[in-house]
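What follows is a set of notes on a single structure, which appears directly below.
Positions are given from 1, in the same order as the sequence printed here.
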Amino acid sequence: MVDQSLDEQARDAVLKAIIKSAPTVGNSPAGVRDLAEAYALLERDLVPDAGVAKNST
């Protein structure tokens with residue numbers, strides 16, 4: 001039960017951080033993408049960096 005409690009606390013902390021940083025991101029595509037990826041990771045719907053194109057230059 002301790003692991004589940006810590007897992008839930010970590011999830012809540014990340015969600016609060018996402019909510020707190022959302023207004024400062026504004027309409028920045030990179031910022032919005034980062035917040036969306038963080039939320040998807042939080043909900044376990046996305047593998048880290050899945051489908052993100054990397055600059056080759």
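In terms of the side-chain contact (heavy atoms from CB on, under 4.5 Å) criterion, residue partners of Ala30 (sequence neighbours excluded) are, by chain and number, Ser28, Arg33. Val32 meets the side-chain contact (heavy atoms from CB on, under 4.5 Å) test with Val25; sequence neighbours excluded.
Across all their heavy atoms, Leu35 and Ala22 have their closest contact at CD1-CA, 3.6 Å.
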